[in-house]
Amino acid sequence: ANGISLVPEDRRIIPGLTVEENLQLAQIAPPKGWSLDRIYDLFPRLGERRKQDGVTLSGGEQQMLAIARALARDIKVLLLDEPYEGLAPVIVQEIAKTLGIIRDQGITTVIVEQNAVAALKLADRAVILDTGTVVFDGSAAEVLENDELRAQYLAIYSGTCINLKSRGVRSLRLIIW
């Protein structure tokens, strides 16, 4: 759909194409979004690796490429599915900082994420789903400030996130924007 772009959980980097070719492919049909120079300003690592095969990048760099590919289109809404999954904490912080910059550019950003603390620090609004049922809909700040809510639905105690699967939770999602 015009104006909406998805960064999928599995990133879907196109094998056999360089970083730059992955971005150029996203701009084949109008309307084009950010220029390659603007993308490389936001993601300097991608600029340094523009001629490298996209699938040989690290996980964090592949996530940057997937986000950059979305920005290469003219979008108003950016949807991200588990953008922090499998990434080192320092890379999560870098991606979060980048998503904050994107949000500040006026692009509505919707994140589905199980790393609740990182996602909530970025969010204005939070929706918590438990097995498909909305159990909370309000400000992200309210979730961060409400110990009982965090403990009940997000298994977060004093800023520490507990593995939800080990507690028998099979389908819990945090959606933020």
Side-chain angles (χ1 to χ4, degrees), residues 1 3-13 23 26 33-34 38-46 57-130 132 134-165 169 171-177:
I4 300 174
S5 191
L6 170 67
V7 176
E9 179 179 359
D10 61 2
R11 302 178 188 119
R12 297 190 187 150
I13 306 304
L23 296 172
W34 290 20
R38 187 174 178 195
I39 288 169
Y40 293 145
D41 283 344
L42 184 63
F43 298 106
R45 286 185 190 173
L46 295 182
L57 298 173
S58 71
E61 291 166 343
Q62 284 187 22
Q63 189 65 290
M64 292 175 197
L65 178 54
I67 294 168
R69 192 177 49 208
L71 295 173
R73 306 288 305 147
D74 183 28
I75 61 169
K76 306 289 183 259
V77 178
L78 177 61
L79 307 173
L80 297 112
D81 185 11
E82 302 285 352
Y84 305 141
E85 182 178 30
L87 302 181
V90 68
I91 301 299
V92 169
Q93 290 174 353
E94 190 172 335
I95 297 289
K97 179 181 172 190
T98 301
L99 293 176
I101 292 167
I102 292 167
R103 179 198 60 207
D104 293 345
Q105 296 288 317
I107 297 173
T108 299
T109 305
V110 179
I111 302 174
V112 176
E113 180 59 58
Q114 291 198 31
N115 182 342
V117 173
L120 287 165
K121 288 179 180 176
L122 180 65
D124 298 316
R125 184 167 185 79
V127 177
I128 301 172
L129 303 175
D130 187 1
V134 175
V135 294
F136 175 83
D137 183 353
S139 77
E142 187 178 348
V143 177
L144 286 170
E145 294 165 4
N146 186 327
D147 292 337
E148 185 178 321
L149 179 67
R150 286 193 333 266
Q152 182 176 1
Y153 292 111
L154 303 179
I156 300 171
Y157 304 92
S158 303
T160 302
C161 190
I162 307 301
N163 183 330
L164 295 174
K165 288 182 180 169
V169 176
S171 178
L172 184 67
R173 291 283 188 249
L174 174 67
I175 304 172
I176 64 151
W177 68 91

Does the pair Trp34 and Leu42 meet the rule for a side chain to side chain contact (heavy atoms under 4.5 Å, CB included), with working shown?
CA-CA 10 Å; Trp34 290 20; Leu42 184 63; 3.5 Å; yes
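- Within the 3.5 Å criterion, the main-chain N or O of Ala123 finds no donor-acceptor partner in the side chain of Arg103.
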Using the rule given for side chain to side chain contact (heavy atoms under 4.5 Å, CB included), can you reason through Leu23 versus Leu65, listing the C-alpha separation, both sets of side-chain angles and the distance that settles it, and then say yes or no?
CA-CA 8 Å; Leu23 296 172; Leu65 178 54; 3.8 Å; yes
I'd like to know whether Leu87 forms a side chain to side chain contact (heavy atoms under 4.5 Å, CB included) with Gln63, so could you lay out the CA-CA distance, the side-chain angles of the two residues, the decisive distance to 0.1 Å, and finally the verdict.
CA-CA 9 Å; Leu87 302 181; Gln63 189 65 290; 4.3 Å; yes
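- Rounding to the nearest 0.5 angstrom, the gap separating the CD1 atom in Ile128 from the CD atom in Gln152 is 9.5 Å.
- Rounding to the nearest 0.5 Å gives a distance of 8.5 Å between CG of Leu144 and OG of Ser139.
- A side-chain donor-acceptor contact under 3.5 Å links Arg69 to the backbone of Arg11.
- Summarising the geometry of Glu82 relative to Gln114, their closest heavy-atom pair is OE1-N, 3.3 Å, with the distance given to 0.1 Å.
- A heavy-atom distance below 4.5 Å is not found between the side chains of Val135 and Leu129.
- The backbone N or O of Val90 lies less than 3.5 Å from no partner atom in the side chain of Gln93, so there is not a single donor-acceptor pair.
- For the residue pair Ala126 and Val143, the shortest heavy atom distance occurs at CB-CG2, 4.1 Å.
- A donor-acceptor distance shorter than 3.5 angstrom exists from the side chain of Glu113 to the backbone of Asn115, with no hydrogens or angles considered.
- Thr109 places a side-chain N or O within donor-acceptor distance of the main-chain N or O of Ile107, the cut-off being under 3.5 Å.
- A side-chain donor-acceptor contact under 3.5 Å links Gln62 to the backbone of Leu57.
- Between Ile13 and Ala66 the shortest heavy-atom distance is CD1-N, 4.1 Å.
- Distance check, rounded to the nearest 0.5 Å: CE of Met64 to CD1 of Ile39 gives 14.0 Å.
- Heavy atoms only, all atoms of each residue included: Tyr84 and Ala119 are closest at CE1-N, 4.0 Å.
- Ionic pairing of Asp147 and Arg150 is present here: one or more N-O contacts between side-chain nitrogen and carboxylate oxygen are shorter than 4.0 angstrom.
- When atom types are taken as modelled, the side chain of Arg73 and the backbone of Ala26 share a donor-acceptor pair closer than 3.5 angstrom.
- For the pairing with Leu80, the side-chain contact (heavy atoms from CB on, under 4.5 Å) check across Val112, Leu6, Ile102, Val7 returns one residue only, Val7.
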Given Glu61 and Phe43, is the side chain to side chain contact (heavy atoms under 4.5 Å, CB included) satisfied, shown in steps?
CA-CA 9 Å; Glu61 291 166 343; Phe43 298 106; over 6 Å; no
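- The shortest distance between side-chain heavy atoms of Ile75 and Ser5 falls below 4.5 Å.
- Expressed to the nearest 0.5 Å, how far CD1 of Ile95 lies from CD1 of Ile67 amounts to 4.5 Å.
- Heavy atoms of other residues, nucleotides or ligands lying less than 6.0 angstrom from CZ of Arg38 number more than 12.
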